[in-house]
Asker: 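One structure, as C-alpha cells, below. Some questions next.
Sequence lines set the chain letters: A, B, ... in the order given, protein chains first and strands last, and positions in each chain run from 1.
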2 protein chains.
Amino acid sequence: MSEPVETSALTLNRLSVYLRCLRTLECEGVQRVSSQELADRFHLSPSQIRRDLAQFGGFGVRGVGYDVSSLAERLHRVLRLDALHRLIVVGMGNLGSALSTYLGFNDSSFQVVAGVDSDPGRIGTRIGGVLVEPYDDLAAVARRCEADIGVLTVPADAAPAAYRALVEAGLRAVLNFAPVLLDEVRGVRVKNVDLRVHLEELAVHLGATDADSLRELAAGAQVPARDLEGRADSAEIEPSSALAAAGEAHPHRRG
Amino acid sequence: MSEPVETSALTLNRLSVYLRCLRTLECEGVQRVSSQELADRFHLSPSQIRRDLAQFGGFGVRGVGYDVSSLAERLHRVLRLDALHRLIVVGMGNLGSALSTYLGFNDSSFQVVAGVDSDPGRIGTRIGGVLVEPYDDLAAVARRCEADIGVLTVPADAAPAAYRALVEAGLRAVLNFAPVLLDEVRGVRVKNVDLRVHLEELAVHLGATDADSLRELAAGAQVPARDLEGRADSAEIEPSSALAAAGEAHPHRRG
DNA sequence: GAGTGTGAAATTCTTCACAGCC
DNA sequence: GGCTGTGAAGAATTTCACACTC
C-alpha cells in the first residue's frame, strides 16, 4: 500500500510564497536561481526551500540550481492553479464586498462567480462584478454557478448554517472570515482567517512576551506596555464585549 | 538569569480562541467549565487547553474546572486587551476601507485612529469613521495619532516602503495584507495575512493532496480533481489517494 | 470521583551537514 | 567549484497518562 503522506498546510503555504517569488524573478528575466539566492532575496531558509521542493521530485540541478520558469510552472500545477476555481461570497457586507472587488480583478485561477446576502436592499445590486442574490438561495446559487470555494463573510452566528448550506451544495473548501469554529465536515476543508486573533497576537507583542511577564499580567500586575499612557477613553465603547462570539479554529502558519 | 521563554504565536492564537469561547459561555450564564467540556463544545483539544492555560499559572481548580469569568478576565489581560490599541490603516482602497469599517465596530481594545492613501481623490474623505490623510504624511500621522499597530492594505510594491515608514514612526506591530514578505525589522513584528496563499491552499485540497499525487502533478500528469461530477475521465489514476485527500480535518482529533 | 497540572512520549517541523551530481 | 537532495540531528509542538488536589 502506498503511504498516505499528506503534504502539510505549512509546506503548501510556502509553495505559494515560492511561486510568487519565482514570478518576480521571471519578470526580472532571471533564468536560474539557487536555494541560497532565493532565500537571501526573499528572507527564506535555503534548506527549507530545498526540502519543500524535493518533496515533489527533482526540480533542481545539482551544482546549478533551479530553472525559474520550469519550477514556477511545476508549482503552479501542484497548487492546482491551472484550473479555474469559482468562488461564492456569502455575505456582501463591507468585507464581502471588498473581497469580491479585490478578488474580482482578472485572475486566471480564482474568480468570484456569485454573491449572496440576506439584506433585501443589497439583493439585485452588482458588487465587484457579481450580482447579489438572496441568501436563502445559497445552496441553489452555489450549485448553479458550480462554485468550488465558499467565502464566508457573514456574522459569526450565521456562519455555521451558511457552512452547512455550502456543504449541502457540494463545495469542498471554505475560507471563513467569521470568528467561529465551524464543525468541520469531513472532506470539506475550512481555512479560518480571523482578524481578531491576528490583532490580539500583535497586541501581546506590544508588551513583554516572556512567560514570566504574562504570568504576572494574568495575575493582575501592571506590566509595562510601552507608551500607552494616554489612555484617552474612547467615548462610547461597549463596556463588555456583548457581541463576542464563539471561537475559531486552528492557526496555520501563519504565515 | 531569567529565561527568555517566549510564548509561541500558536499558543497566543489559541488563547484568543479560548477567550472568545469563554465569552460565549459567559453570555449563556455558564459559570464553570472543564477543559473537556470546552473542547467538546468548540472542537478543541482538552490537554492542549490545559497546557496552554497552565503556562500562565494555576487558573483552574483540580476536580472542578475553570471559573469562566475569572479565566476570561485573565486571558483578557494576558492578551493586553485592557489597553486600547490604535490602528493606522495604510491604503484605503477596497480592502482598507472595508477593514476600517469592519474594525470600526465598537471595540474597547482596538480602534482605527487614522487612514492614509496616495489617491488625491480619497484624501479628505471619511471612511469608517476616520479621515483619509495623505500617504506621504504616513509617519507623521502615525506619530500624531500615537498609533500602535499598522495595517498594510497597499499593493505589494508599496508595502516595503510603507513598512519602513511605520517603523520610522515607532510602531512595533504590523498586520500586512500585501502579498510580500517584508524584511522584518527586529522588534517590529509583522503578521502576514495573505489571501492568495489561503486560496491556493484550499485549491490544492480540491484535488488529491498526498505527496505521490502532487509529485505526479508537478511532472505534468492529470491527477483527478476528486469527484466533482464533470471530471469523470481521470477516475483511475491513484485510487488510493482519493480517500487520503479528504482528511486534515481537525489537527487535534485522533484519527 | 472529577479534573487540573505536568513530566514524559510521540509527533511534527526545521536545520544541519554532507554525499553525490553537475 | 557549486549546489541539490536527503539522512540524521535538533527544535518545537502536541498528546498521553497519571500524580495530585479539591
Side-chain angles (χ1 to χ4, degrees), chain A residues 3-15 17-18 22 30-41 43-68 70-71 74 209 211 215 218 249-255, chain B residues 3-15 17-18 22 30-41 43-68 70-71 74-75 209 211 215 218-219 247-255:
Chain A
E3 75 287 16
V5 183
E6 282 284 311
T7 303
S8 84
L10 259 31
T11 301
L12 290 176
N13 291 349
R14 282 192 301 264
L15 293 186
V17 172
Y18 301 157
L22 291 167
V30 178
Q31 295 191 347
R32 281 185 312 198
V33 70
S34 70
S35 59
Q36 186 65 60
E37 290 165 341
L38 249 185
D40 289 347
R41 171 80 189 268
H43 320 108
L44 304 166
S45 149
S47 56
Q48 188 155 63
I49 292 172
R50 292 202 299 279
R51 185 163 290 279
D52 285 339
L53 296 181
Q55 195 171 142
F56 305 105
F59 287 174
V61 181
R62 292 173 197 231
V64 177
Y66 300 89
D67 179 85
V68 173
S70 83
L71 178 53
R74 279 157 176 244
T209 54
R215 199 170 306 140
H250 226 71
H252 44 292
R253 79 142 232 7
R254 114 310 56 143
Chain B
E3 73 290 10
V5 184
E6 285 285 309
T7 303
S8 83
L10 259 31
T11 301
L12 290 177
N13 291 348
R14 282 192 301 265
L15 294 186
V17 172
Y18 301 158
L22 291 167
V30 178
Q31 296 193 348
R32 281 185 313 197
V33 70
S34 69
S35 59
Q36 185 65 60
E37 289 165 342
L38 250 186
D40 288 348
R41 171 80 189 267
H43 318 109
L44 304 165
S45 147
S47 57
Q48 189 155 61
I49 291 172
R50 292 201 300 278
R51 185 164 290 278
D52 286 339
L53 297 181
Q55 194 170 142
F56 305 104
F59 287 174
V61 181
R62 293 174 196 229
V64 177
Y66 300 90
D67 180 85
V68 174
S70 82
L71 179 54
R74 278 155 175 246
L75 292 183
T209 54
R215 199 169 304 139
E248 168 93 72
H250 293 291
H252 14 256
R253 183 141 299 171
R254 46 207 109 102

Asker: Nearest whole Å is fine: how far is dG5(D) P from I49(A) CD1?
Answerer: 12 Å
Asker: D67(A) vs V61(A), test: side-chain contact (heavy atoms from CB on, under 4.5 Å). Steps then yes/no.
Answerer: CA-CA 8 Å; D67(A) 179 85; V61(A) 181; over 6 Å; no
Asker: Identify the 5'-most and 3'-most nucleotides of DNA chain C with at least one atom closer than 4.0 Å to a non-hydrogen atom of chain A.
Answerer: dC13(C) to dC22(C)
Asker: What's the CD-P distance between Q36(A) and dG1(D), to the nearest Å?
Answerer: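 Taking CD of Q36(A) and P of dG1(D), I get 18 Å after rounding.
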Asker: To the nearest 0.5 Å, what is the distance between OH (Y18(B)) and CG (L44(B))?
Answerer: 6.0 Å
Asker: Between D40(A) and Q36(A), does a side-chain hydrogen bond (donor to acceptor under 3.5 Å, both in side chains) hold up when you go through it step by step?
Answerer: CA-CA 6 Å; D40(A) 289 347; Q36(A) 186 65 60; 3.1 Å; yes
Asker: Tell me the closest heavy-atom pair linking L15(B) and F56(B), and the distance in Å.
Answerer: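 Residues L15(B) and F56(B), closest heavy atoms: CD1-CE1, 3.3 Å.
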Asker: Taking any heavy-atom pair under 4.0 Å as a contact, classify R32(B): base, sugar-phosphate, or nothing.
Answerer: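 Since no nucleic acid heavy atom lies under 4.0 Å of R32(B), the category is nothing.
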Asker: Of all the heavy-atom pairs spanning V33(A) and E37(A), show the shortest one and how long it is.
Answerer: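 So the minimum-distance heavy-atom pair works out to CA-OE1, 3.3 Å.
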Asker: Donor-acceptor pair under 3.5 Å: do we get one between R51(B)'s side chain and the base of dT15(D)?
Answerer: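 It does, because a donor-acceptor pair links the side chain of R51(B) to the base of dT15(D) below 3.5 Å.
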Asker: To the nearest 0.5 Å, what is the distance between OH (Y66(B)) and CZ (R50(B))?
Answerer: 6.5 Å
Asker: Which atoms form the tightest heavy-atom contact between T11(B) and Q55(B), and what is the distance?
Answerer: CG2-NE2, 4.0 Å
Asker: To the nearest Å, how far apart are Q48(A) CD and dA11(D) P?
Answerer: 16 Å
Asker: Could you report the tightest heavy-atom contact between L22(A) and V68(A), atom names first, then the distance?
Answerer: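 In terms of heavy atoms, the two residues are closest at O-CG1, 3.5 Å.
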Asker: Can you measure L10(B) atom CG to dT15(D) atom C1' for me and round it to whole angstrom units?
Answerer: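 The answer, rounded to whole Å, is 15 Å.
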Asker: Starting at the 5' end of DNA chain C, which residue's closest nucleotide do you reach first, G65(B) or T11(A)?
Answerer: G65(B)
Asker: Protein within reach of the bases, or only the backbone? For nucleotides 17-22 of chain D, mark each nucleotide 5' to 3' as B, S or -, using heavy atoms under 4.0 Å.
Answerer: B-BBBB
